[in-house]
Protein chains: 2
Amino acid sequence: MSEVVVEVRVADWGERVLAALRSEGQRLTGPRLTIIHWVAAQERPFSAEALTAALAPAVGRATVYRVVDRLRERGWLARVQTERGDYTYVRTLPGHHHHAVCLRCGTTLLVEGCQTIETLTALLARHGFRVQGHILELFGLCARCQATSS
Amino acid sequence: MSEVVVEVRVADWGERVLAALRSEGQRLTGPRLTIIHWVAAQERPFSAEALTAALAPAVGRATVYRVVDRLRERGWLARVQTERGDYTYVRTLPGHHHHAVCLRCGTTLLVEGCQTIETLTALLARHGFRVQGHILELFGLCARCQATSS
DNA sequence: GTCACTGCAAAAGGTTTGCAACGGA
DNA sequence: TCCGTTGCAAACCTTTTGCAGTGAC
């Protein structure tokens, strides 16, 4: 079972992103490096506001939004809806995943595959509904936070 | 299995909402009735913008937002994220549900219960993660739309 | 040297709020 | 009558866009 749940590796992420951008022939400008390094250091989901605020005035707001969009398109960043309904971003890896976000520390587990969605898909199929896509976010407490008291 | 998937009944909805508001001692004002009737007639998810536009200038924008919020708090309206990432609203019923939204006609099925989430929850538990909440939206084609060509 | 990228500032878009007037119960 | 509700308009906040200048390759 360990192959379907993966914790996003902190050290890896930034380097993998940079390697990917390089291999696509994208320019590794100062602002881009600043943003990627900052994101790589985040251990929990962050808001667009937090990102722009953290890098101001070194990096312009417009640039932040443009770079974030690009990373999202490429699958390095996921926009995750919180239980409260607002958006946050988390480092992720290209491919189809779902996210299990720790409510306390923000640690994000990637859940690969959608076996459970398949069950629901089958249920709905019996009602004539053909599932073609879905959005799933999970929230809870990671192992570390359960171990920590308070 | 038919007990876990329910199509939101059109005729019912408005009356149930009115009855609920009445029983809570809320005022059934003109603007509120207008909004509820309009929503009751919608067979597919609608945006806040569509709602405000449809009722303007009979009902002010501020009032629309305030009433929608109230219905949402009471569980009569759900804010559903689309695959494109923007929000739409659908009639729903109080309680915990998930929604299966037809990509073509917008018909919304309520999926009651979270059996499949439980599978995922168990999987994550084996990784030490304790799931406490989730967001799930399903998209696809309802039976009627599959039957219709084009 | 080129052209992708950036910053600035302004525009846009959507939601919320203040406040005086209104009108259900 | 009273107080919850409403409309208007302005404020707000976040994101996007236009455009001239910059700098990575």
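Throughout, a chain's letter reflects where its sequence line sits, starting with A, and its residues are numbered from 1. Reckoned from all heavy atoms, side chains included, excluding hydrogens, waters and symmetry mates.
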Upstream residue (5' side of DNA chain C) when R70(A) and R61(A) are each assigned their closest nucleotide: R70(A)

Separation of atom CG in L55(A) from atom C1' in dC8(C), rounded to whole Å: 17 Å

Base dG7(D) to side chain R66(B), donor-acceptor N/O within 3.5 Å cut-off: yes

Presence of donor-acceptor pair under 3.5 Å, side chain of R27(A) and base of dA4(C): yes

Distance in Å, E49(B) CD paired with L51(B) CG, rounded so as to fall on 0.5 Å steps: 10.5 Å

side-chain contact (heavy atoms from CB on, under 4.5 Å) partner of T34(B), the single match among V64(B), V67(B), V59(B), T63(B): V59(B)

Any Q26(A) side-chain nitrogen or oxygen under 4.0 Å from OP1 or OP2 of dA24(D): no

For atom OH of Y87(A) and atom P of dG14(C), their distance in whole Å: 14 Å

T63(B) side chain near dG7(D) phosphate (N/O to OP1/OP2, under 4.0 Å): yes

G60(B) or T52(A), whichever maps to the more 5' nucleotide of DNA chain D: G60(B)

Side-chain N or O of T29(B) closer than 4.0 Å to phosphate OP1/OP2 of dT6(D): yes

Whether R130(A) side chain and A143(B) backbone form a donor-acceptor pair below 3.5 Å: no

Closest-nucleotide 5' rank along DNA chain C - winner of E49(B) and L28(B): E49(B)

Protein-nucleotide distance (D86(A), atom CG; dT15(C), atom P), rounded to Å: 14 Å

Rounded distance in Å - CZ (R32(A)) to C1' (dT6(C)): 10 Å

Closest nucleotide among dT6(C), dT6(D), dA9(D) to the A62(B) side chain: dA9(D)

Sugar-phosphate, base or nothing in reach of A58(B), heavy atoms under 4.0 Å: sugar-phosphate

Any Y65(B) side-chain nitrogen or oxygen under 4.0 Å from OP1 or OP2 of dT15(C): yes

Atom-pair distance (CD on E24(B); P on dA25(C)), nearest Å: 14 Å

Worked check of side-chain hydrogen bond (donor to acceptor under 3.5 Å, both in side chains) between T92(A) and H97(A): CA-CA 9 Å; T92(A) 188; H97(A) 300 285; 4.7 Å; no

Separation of T82(A) OG1 from L103(A) CG (nearest 0.5 Å): 9.5 Å

Protein-nucleotide distance (L33(B), atom CG; dG23(C), atom C1'), rounded to Å: 13 Å

